[in-house]
Structure formats: structure tokens, C-alpha cells
Enquirer: 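Sharing a structure with you now.
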Amino acid sequence: MPDRAPQPVDRQLPTDEARDLISLVRDIAQREVAPAAAEEEDAGRFPRELFTLLSESGLLGLPYDAEYGGGDQPYEVYLQVLEELAMARLTVGLGVSVHTLASYALAAYGTKEQQAEHLPAMLGGGLLGAYCLSEPASGSDAASLRTRAVRDGDHWVITGTKAWITHGGIADFYTVMARTGEEGPRGITAFLVPGDAEGLSAAAPEKKMGMKGSPTAQVHLDGVRVPDSRRLGEEGQGFAIALSALDGGRLGIAACAVGLAQAALDEALRYAAERRQFGRPIADFQGLRFMLADMATQIEAGRALYLAAARLRDAGRPFAKQAAMAKLHCTDTAMRVTTDAVQILGGYGYTADFPAERYLREAKVLQIVEGTNQIQRMVIARHLAGPESR
């Protein structure tokens with residue numbers, strides 16, 4: 001029934017330009033992203049040509065300065081773009097978020113010369129980025145990373161292995177955190193490493209339960225030489241840069257999670273309106289209606305939470321606690337909503353003929369990436385009660 005069909009999200013946007021931007025993104029999502037999503041995810045195919053289109057459309061540098069090819073958009077708008085893309089295909093929404101994360105160190109901490117040299121190609125020149133912090137033995141404990149960069153004249157020689165790298169093996173540039181000094185967070189420095197650097201290679205992509213179209217791989221750096229002009233920020237500032245980047249990145253994950261949950265709710269609504277049992281649509285049954293109401297309420301709460309955090313960021317106010325809250329709540333919501341969507345579709349929800357089972361598999365990874373939800377709870381608690389006693 002038409003009145004039961006899912007409707008586009010009614011967004012509160014700050015400008016007419018932002019409304020036009022969302023219309024553009026919806027058009028691209030509907031025409032270019034969604035139609036092949038299921039087939040390409042099943043085949044494990046990364047849609048590189050889509051990212052070329054997104055770059056040409058100005059969507060890979062939205063929160064960065066127009067001077068260097070960015071979109072000059074507030075985070076409040078950028079995150080809603082991510083949500084729209086993730087509704088169509090999580091691999092695409094998350095890929096844009098990771099690219100934005102990878103560009104952050106240069107955009108926020110690079111010199112004017114570095115920004116002028118590299119940012120235009122990164123933001124609008126068709127390049128794709130990756131962010132390299134985690135390692136095989138240092139995931140949540142990122143400050144214990146072992147990848148080392150040793151100065152050799154006016155160059156640095158980087159050796160080590162990074163793990164769980166989205167776009168590993170296909171990225172055009174890698175923002176790499178490496179140890180240049182003492183143990184702990186103060187001995188880490190950030191570098192911008194070209195994807196074709198000699199000595200850089202990637203392992204075979206991980207075989208994952210979801211997001212099969214998004215390559216996740218170990219990245220090996222075997223004596224990779226980069227000039228000091230590719231060092232981002234000061235020596236020893238890398239961990240602070242990494243944490244600052246992750247605050248924004250967590251909001252990107254939150255927005256993607258809300259987009260995925262919205263897609264699952266829309267699928268459940270479509271099915272409930274069409275599926276008939278006992279002579280009427282199953283959307284008429286109170287138990288199912290209550291499930292739909294809870295799903296929609298959780299999604300709206302998540303959207304409000306990530307937008308509130310984004311507006312703090314846009315105003316230049318601290319937002320780390322709110323970013324952790326948004327990542328925690330929105331990804332847990334995605335897990336609950338996708339689980340309920342499978343339940344509403346019943347046996348069909350458990351088959352690959354419908355996208356609900358894919359949404360459920362994809363939701364799980366969002367509770368893990370960019371800091372597990374247990375780490376988010378630690379971050380929030382520290383803001384509330386102070387650091388843990390030692």
C-alpha cells in the first residue's frame with residue numbers, strides 16, 4: 001500500500017546547498033550504487049569506478065577546504081551524505097569515511113606546502129586513501145604499535161606490518177603511524193606513504209563474514225623510504241593526530257551504522273506491507289508494528305546523537321565523548337535493527353534472496369571497527385569519572 005511504503009529520510013539541513021547536495025547523493029545512490037550492491041558484495045568486488053565517480057562529483061573531500069579541492073561542508077552535512085551512501089551500500093559509505101579519515105592528518109596537521117602539493121589529488125583527483133594504525137599485536141592498545149621509522153638523512157625508512165587496513169592493497173596513499181622514538185604514545189609519528197612506494201605490499205584480503213566487497217588486508221612496509229617532507233606534524237605527535245582523526249572517524253562509522261539500520265527498516269517495511277497472512281498484510285499485526293516502531297525510534301535517536309556530536313565539532317567545541325557515545329549507540333542500534341529485520345522477514349530473511357541477512361552480517365563489523373564498543377565505553381567512562389587508577 002502506498003501509505004506504507006518507506007519514505008526518504010526527512011533531513012534537517014542548514015542550507016539550500018546542502019539540500020541540493022543530498023539530492024545529488026540520493027540520485028547517485030539510487031542509480032549507480034544500489035542496483036549492483038548485492039551482486040558485487042556476493043562476488044567480493046570493490047567498486048573502484050564508483051569512487052572515481054564520487055571523486056568527480058566532489059564527494060570525497062566534503063569536510064575539507066575548497067582551496068584544496070574540498071567541499072567546505074560542515075560535518076553535520078558530510079555525515080548525512082555518508083548515511084545516504086551507506087543506505088545504498090555499506091562498502092561505499094564506509095569507504096568514503098575511511099578515505100576522509102586517511103586525508104585528515106594532512107588536512108589538519110600538514111604544512112601549507114604539503115597541503116598544496118598533495119591535497120588536491122587526494123580530495124578531488126580520483127585517489128583513494130587508507131589509514132594505518134592497527135597492527136597484528138596492537139589493536140585496541142594502539143599506543144604499543146611496533147612499526148618503526150628510522151631517520152636516514154633527509155628520509156625515513158619505515159619497517160613493520162599494519163593490520164585490518166580498509167583499502168589495503170588498492171589505496172593510492174596510506175597515512176601510516178610509526179614509532180620514531182620512545183615506547184608509548186609520545187614516540188609515534190605520522191607519515192604520508194604513496195601506494196606505489198618501493199617495499200610496500202599487501203597480503204591477500206581477509207575473508208570476512210560481511211562487507212566482502214571492501215578489501216581489508218595487512219599492509220607490509222619493508223624498508224619503505226619516504227622523504228621528511230612526507231612527515232605529517234611534529235616528531236612524536238603521531239598518536240595525538242591518530243586519536244584526533246578517530247574522533248571524526250567514529251562519527252563516520254555512526255552515520256554509516258544509521259544508514260545501514262535505515263536500509264534494514266525500509267526493507268522490513270516493504271515486506272510487511274506486501275506479505276499477507278490470515279487475509280491481511282502482516283503490517284497490521286500489533287506485535288510486528290511494535291517491532292517496527294522500536295526500530296524507527298532507535299534509528300531516530302542514533303541520528304540525533306551523531307548530528308549533535310557533529311554540531312559540536314562544527315562549532316569548534318570538544319566532542320570526543322559524544323563521538324564515542326554516537327559510535328556506541330548507532331552501531332549497537334544497527335545490530336538490533338538488522339536482527340529484527342531478519343525476524344520480520346521470517347524464513348525469507350535468512351536467505352540471500354533478500355538483503356536483510358547481508359545487512360545483519362554487515363552490522364556486526366561496525367561494532368568492532370574504529371575502536372570496539374568496549375573501547376567506546378572506556379572512553380565515555382573516562383570523560384565521566386576520570387582516568388582509571390593505576
Side-chain angles (χ1 to χ4, degrees), residues 1-10 26 29-30 33-42 82-94 208-214 253-277 280-306 326-369 373:
M1 296 180 181
D3 59 331
R4 286 174 172 159
Q7 300 297 313
V9 176
D10 184 14
R26 284 177 175 167
Q30 291 168 8
V33 181
E39 179 183 353
E40 292 191 344
E41 285 298 324
D42 187 55
L82 285 187
E83 185 189 332
E84 291 283 344
L85 292 172
M87 285 170 60
R89 184 178 179 186
L90 183 59
T91 284
V92 176
L94 188 73
K208 300 174 298 186
M209 66 182 284
M211 290 199 68
K212 297 178 181 180
S214 175
I253 298 300
C256 286
V258 170
L260 181 64
Q262 185 69 55
L265 173 60
D266 289 349
E267 180 65 18
L269 284 167
R270 276 189 291 267
Y271 182 84
E274 296 169 2
R275 175 70 167 171
R276 298 181 68 87
Q277 292 287 277
R280 53 181 173 152
I282 64 172
D284 283 351
F285 297 111
Q286 187 180 72
L288 190 145
R289 294 170 78 87
F290 282 5
M291 289 178 70
L292 294 170
D294 286 344
M295 294 160 73
T297 299
Q298 292 162 14
I299 291 169
E300 286 289 352
R303 184 175 292 121
L305 187 55
Y306 87 63
K327 198 273 182 182
L328 169 64
H329 175 83
C330 294
T331 59
D332 281 354
T333 289
M335 196 71 228
R336 286 192 298 269
V337 169
T338 56
T339 299
D340 284 349
V342 169
Q343 190 71 21
I344 288 171
L345 269 67
Y348 292 111
Y350 201 67
T351 72
D353 294 329
F354 290 78
E357 62 83 27
R358 172 165 60 88
Y359 296 154
L360 174 58
R361 289 186 287 105
E362 291 177 337
K364 187 61 199 175
V365 76
L366 298 177
Q367 294 179 305
I368 298 170
V369 297
N373 282 6

Enquirer: To check you understand the geometry: which heavy-atom pair defines the closest contact between L85 and G93, and what is its length?
Expert: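 Shortest heavy-atom contact: CB-CA, 3.9 Å.
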Enquirer: Search all heavy atoms of A326 against all heavy atoms of A254 and return the closest pair with its distance.
Expert: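 Where A326 meets A254 most closely, the heavy atoms are O-CB, 3.6 Å.
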Enquirer: Take atom CD in Q343; do more than 12 heavy atoms of anything else shown fall under 6.0 Å from it?
Expert: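 Open: at most 12 neighbouring heavy atoms sit under 6.0 Å from CD of Q343.
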Enquirer: May I ask you to check whether over 12 heavy atoms, not counting those of Y348, lie within 6.0 Å of atom OH?
Expert: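 Incorrect, the count does not exceed 12.
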Enquirer: To the closest 0.5 Å, what do you measure between CG (D332) and CD (Q367)?
Expert: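 Rounded to the nearest 0.5 Å, the CG-CD separation comes out at 5.0 Å.
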Enquirer: Please report the shortest heavy-atom distance between A261 and A334, naming the atom on each side.
Expert: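 Where A261 meets A334 most closely, the heavy atoms are CB-CA, 4.0 Å.
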Enquirer: With heavy-atom distances below 4.5 Å as the criterion, would you say the side chains of R280 and F285 are in contact?
Expert: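 The answer is yes, as the side chains (C-beta and beyond) meet within the 4.5 Å cut-off.
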Enquirer: Are the side chains of E357 and T351 in touch, meaning some heavy atoms are under 4.5 Å apart?
Expert: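 No, their side chains stay 4.5 Å or more apart.
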Enquirer: Which pairs would a plain distance check flag for residues 292-305, meaning a side-chain donor or acceptor within less than 3.5 Å of a matching protein atom at least two apart in sequence or in another chain?
Expert:
| from | atom 1 | to | atom 2 | distance (Å) |
| --- | --- | --- | --- | --- |
| T297 | OG1 | A293 | O | 2.8 |
| E300 | OE2 | R303 | NH1 | 3.4 |
| R303 | NE | E83 | OE1 | 3.2 |
| R303 | NE | E83 | OE2 | 3.2 |
| R303 | NH2 | E83 | OE2 | 2.6 |
| R303 | NH2 | Q262 | OE1 | 3.1 |

Enquirer: Can you name the salt bridge (charged side-chain N to carboxylate O under 4.0 Å, His left out) partners of E84, sequence neighbours left out?
Expert: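 Checked E84 against salt bridge (charged side-chain N to carboxylate O under 4.0 Å, His left out); matches are R11, R26.
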Enquirer: Minimum heavy-atom separation for L345 to A268, with atom names?
Expert: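 Heavy-atom minimum between the residues: CD1-CA, 4.0 Å.
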Enquirer: With no hydrogens and no angle check, is any side-chain donor or acceptor of K327 less than 3.5 Å from a backbone partner on Y306?
Expert: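 Checking the backbone N and O of Y306 against the side chain of K327, no donor-acceptor pair under 3.5 Å is found.
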Enquirer: How about I282 and Y271: do any of their side-chain heavy atoms sit closer than 4.5 Å?
Expert: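 Side-chain contact under 4.5 Å: yes.
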Enquirer: Atom CG of L328 and atom CD1 of I253: how far apart are they, to the nearest 0.5 Å?
Expert: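 That separation rounds to 13.5 Å.
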Enquirer: Holding to salt bridge (charged side-chain N to carboxylate O under 4.0 Å, His left out), I want the full list of residues that pass it with D266, two or more places apart in sequence or in another chain.
Expert: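 Scan of D266 (salt bridge (charged side-chain N to carboxylate O under 4.0 Å, His left out), adjacent residues dropped) gives none.
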Enquirer: So do the side chains of L94 and V365 get within less than 4.5 Å of each other, counting heavy atoms only?
Expert: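 Result no, sub-4.5 Å side-chain heavy-atom pair not found.
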Enquirer: Please report the interatomic distance CD1(I344) to CG(L269), rounded to the nearest 0.5 Å.
Expert: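 The CD1 atom of I344 sits 7.5 Å away from the CG atom of L269.
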Enquirer: Is any side-chain heavy atom of R289 closer than 4.5 Å to one of D284?
Expert: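 Contact flag for D284/R289 side chains = yes.
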Enquirer: Minimum heavy-atom separation for L265 to V337, with atom names?
Expert: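 Looking at all heavy atoms of both residues, the shortest contact is N-CG1, 4.3 Å.
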Enquirer: Can you spot which of K208, R89, K212, R361 makes a salt bridge (charged side-chain N to carboxylate O under 4.0 Å, His left out) with E41?
Expert: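 The single option meeting the salt bridge (charged side-chain N to carboxylate O under 4.0 Å, His left out) with E41 is R89.
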Enquirer: For the residue pair R336 and T333, confirm or rule out a side-chain donor-acceptor distance under 3.5 Å.
Expert: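 Distance-only check passes for R336 and T333.
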Enquirer: Which atom pair, heavy atoms only, marks the closest approach of L260 to E362?
Expert: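 Where L260 meets E362 most closely, the heavy atoms are CD1-OE1, 3.5 Å.
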